[in-house]
Amino acid sequence: MDEEPERAKRWEGGYERTWEVLKEDESGSLKATVEEILFQSKRKRWEVFLFTSLGLGTMRHLFVVVDCSRSMDDQDLKPNRLTSTLKLLEKFVEEYFDQNPISQVGIITTKNKRAEKLTELAGNPSKHVSALRKAVDTVCLGEPSLYNALSLAVSTLKHMPGHTSREVLVVMSSLTTCDPNNIYELIKTLKELRVRVSVIGLSAEVRVCTVLTRETGGSYHVILDEGHFRELLQIHVKPPPSTSASDCSLIRMGFPQHIMVNVNERDAKPSFSMAHLDAVVGSGLSLGGYFCPQCSAKYTELPVECKVCGLTLVSAPHLARSFHHLFPLESFTERPLEGHPGHRSVRFCEACEGELRDKTVFECPSCSGVFCVDCDLFIHDTLHCCPLCIHRNSAT
Amino acid sequence: MKLNIDGLLVYFPYDYIYPEQYSYMLELKRTLDAKGHGVLEMPSGTGKTISLLSLIVAYQRAFPLEVTKLIYCSRTVPEIEKVVEELRKLMQFYTKETGETNNFLALALSSRKNLCIHPEILHANIVVYSYHYLLDPKIADLVSKELAKKSVVVFDEAHNIDNVCIDSMSVNITRRTLDRCQTNVETLHNTIQQIKETDAAKLKEEYRRLVEGLKEANVARETDVYLANPVLPDEILKEAVPGTIRTAEHFVGFLRRFMEYLKSRLRVQHVVQESAPQFLKDIYEKVCIDRKPLRFCAERLQSLLRTLEITDIADFSAVTLISNFATLVSTYSQGFTIIIEPFEDRTPTIANPVLHFSCMDPSIAIKPVFQRFQSVIITSGTLSPLDIYPRMLDFRPVTMASFTMTLARTCLCPLIVGRGNDQVALSSKFETREDFAVIRNYGNLLLEMSAIVPDGIVAFFTSYVYMENIVASWYEQGILENIQRNKLIFIETPDAAETSMALEKYQEACENGRGAILLSVARGKVSEGIDFVHHFGRAVVMFGVPYVYTQSRILKARLEYLRDHFQIRENDFLTFDAMRHAAQCVGRAIRGKTDYGLMVFADKRYARADKRGKLPRWIQEHLSEGSLNLTVDECVHMAKHFLRQMAQPFRQEDQLGLSLLTLEQLQSEEMLQKITQMAHQS
């Protein structure tokens, strides 16, 4: 893992027992280091992900639950857990909307045995980001309540249409939860409603979270450090495979054109954007905007659900961006570098042109291009298409 | 899968096998081949039971004339049930693989409600029951004396076997016992009078039999039909019952006299300690009771009870106890001591006289077992140091081995905390017991751990008194309140009902994410019989070294005896005893390879080589030099790191080939070599 440059100052870190890292290598194959296992699970994660993901849910409804209890004051993430978490979540929200343009997010905080909504379920990243920025000053106190947070999320999620995904992502710092009722009843309800709950733990594995995620089909991870935390959040940026049980339905969508109005024109009248009506800050008064093709309500930003007629408004590029979830790039086959058929010259990755040093390489099944692990991850993670295939297509 | 253990075909009912199971079976096979005894240590949760069962059953099938029976002794009823469950699985596998319906008969004796007395049980191939059925002379005589010589006896969870042996041979007599005995004797007297009127011939017949002596028993023992009973010494079998107690009335009178004598002995004002010969001399001088009739007392009483056709034996437990005492005290001049205490040490004002007739030599009770059966296997998760058991129990094992856990990830993390954050040395030793700073630092340790360990923490103290003091002090300092902000607190008490209630609530709190701490006592119920799997015990904190209460006179006598007769120094034994209990306590948290847990030893004395070296090998192995004398802070930091590592996804595939093997992997040359290296011959 190379998050070396971002390391905090040496004296800020805890006790490091560097001599022990050396010791573990010595004892040979009997004691596989946890890092090795981690690397393998990273590979596995991708494979599982790609094989089952023939159809990924493109419309997601996700509630992020942020633990704001006393334990968030802990300084093992710098400067403390809360600040670090919120900062990573900001990035997460941005990336989430980048990957899932027609999805929505809401944020719930829990502390002092209560849970409250920081933001409602909505599709506007800037609103969430600003809410997250404001939340940095929250005083962390008391214990979280998993039960209250989840039932708050469910009360909204259960009204979401069946063809969309219903998800909750809990960032859990505390090791306890203070619940007014038996949480196992709630887990049953969540399962029936097909709400997928995933948990990222900041300290250690808690039994109730293990059961919760296992029952609802979510994932449970515990962070090792800040870099690992970021990676784990990254997993949730990708939409989960859509469950076969979710119903399909035809949804109406509007594709409004952005209409620019010149101030000098005679009938130029500034108007309010519908999305900003209830906002306190910013007038929201503007000239141009997107007009709903059904009821002509005006919006300054897409995607959005029309406040007047309920039509989902998106732009064509949005749809195109979520398109690759429906037809994901095939996973590359893993091969040993030695004995690669016919290619004695294969010593360099076709993408980054670096020397292939690992024991295994990855081969694109359609163009037989050979890539290194890092490029394989990058191609599937970010590019979503094989550069070599595209290159050959354009050449012919 | 089918295994080839040194030429023996073994059916193993699982698809995967741990490497240590394989080497365990190898050792076991070697022991059976040599027809000798063995001491085997293997960590709990690595499938000891199934390895034992499948190998011995296979051995029985292969050599039906060499080994006829397996006698499997375990400690508690739940453990017996677990064995039966595994056995059932094994039998199903046999039926499936060989296609024949098996003719194996297995029998489990757990509690009276499940007891079967059908004669067919004598032919059972496998018998599973509690230690007491074999070791306690009173029960062994009823249940086990007809077991065949060519049996294999297994004592599972046998780390406390010396204490079981001693308890089974020791007798405590209080005023209450004597009072109940008095009533028993009266009942006997009345019954004799009745019978005399109605059926005098019966008593005559008994008299005649007694004149002939205990010939039958003697013949039986010489021809080796029965398991010897330590209460029935060899010599008396050859003699006739002495005339003084031959008739029923005389015997009752004899018992009365003996009882009166005991009563007078209990009227003491100060502590008396004497040896068996001294006692015999005194009784002869005071009430003219000879040694010889005393030796026949137990047998004579049995005979009388049989003649009188008394069915409710339980009612006569008091008089049976007294007569056993009489026989033991007159038979063994060594290995026993008599201590009469007028009051308990803790309550010197309340008169509560007790006569302890205490056995100091565990080998007396177990000797017949070693002599009679061709192979006796002693096994447990914690038997270190291995050589002390053969010495204490006085036998010569052919194999002694300790196995470790092969792990794909280091799932146990033993830490020795020797200092507080203020550098105050942490220890439960007598001088610092009341020390405010130590108690505060202990509190601080638990507080910090409660903040970082998920779900359940079990904390062990050295004794109830010590726990009470510390908890009271924590309460005053407000530490308890702070801990309660992180987790709920439950406490073990000497009361069984209260403790099981606390346990239940503790588990509930661990289950639903509230988190809990259980404060309990080493050597208590929790430390011995209760497993804290997975989230029920993510950490065990051992406050202090659990030395036994050294001021007790019985213990002092025993230590002296061990020194004089077995060349085991007092300190060695005390440390050994403390460490086996500490190992038992911390071992509660790890119950398998997928489990993980912290083991915190909070006493600086653990770091010393003589203590550390007595921990089981599978714990010692993970105790690195760097974690021998940590401060609370360092411990918390290491624990945090460990818990995060352990929370990373861990699947079966990660274990495969390392700590979990398929048949093919097992048969590979390289693995076989590794396994043969692994068994640690000590």
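Because only heavy atoms are used, hydrogens play no part in the values below, and waters and symmetry mates are left out as well, while side chains stay in.
For the pair A:T176 and B:N486, the tightest heavy-atom approach, listed with the atom from each and the gap, is CG2-O, 2.9 Å. Shortest non-hydrogen contact noted between B:R514 and A:T177 is CD-O, 3.5 Å. The two residues B:I452 and A:A204 have their closest heavy-atom pair at O-CB, 4.3 Å.
Options A:N182, A:L212, A:D76 differ in how many heavy-atom pairs under 4.5 Å they form with chain B, and the most are formed by A:D76. Each of A:D179, A:L202, A:I183 has some count of heavy-atom pairs under 4.5 Å with chain B, and the biggest count is that of A:L202. The candidate with the highest count of non-hydrogen atom pairs below 4.5 Å against chain B, out of A:G201, A:S203, A:C209, is A:S203.
Between A:E205 and B:Y596 there is a side-chain heavy-atom pair separated by less than 4.5 Å.
Contacts between B:R485 and chain A at a heavy-atom distance below 4.5 Å involve backbone atoms as well as side-chain atoms. Neither the backbone nor the side chain of B:A509 comes within contact range of chain A, judged by heavy atoms closer than 4.5 Å.
The environment of B:R612 atom CZ is dense: over 12 non-hydrogen atoms of other residues, nucleotides or ligands sit within 6.0 angstrom. Within a 6.0 Å sphere centred on CD of A:E215, other residues, nucleotides and ligands contribute more than 12 heavy atoms. Annotation: B:Q423, atom CD; neighbour count of heavy atoms from other residues, nucleotides and ligands within 6.0 Å is above 12.
Side chain of B:D455 to main chain of A:V206: no donor-acceptor pair is present (N/O by atom type, distance under 3.5 Å, no hydrogens or angles). Side-chain atoms of A:Y184 come within 3.5 Å of backbone N or O of B:E511 as a donor-acceptor pair.
Remark: B:H535 NE2 to A:T210 OG1 distance equals 8.5 Å, nearest 0.5 Å. Annotation: the span from A:H228 atom NE2 to B:Q648 atom CD amounts to 4.5 Å, rounded to 0.5 Å.
The contact list for residues 138-153 of chain A toward chain B, using heavy atoms and a distance under 4.5 Å, reads A:E143 by residue number.
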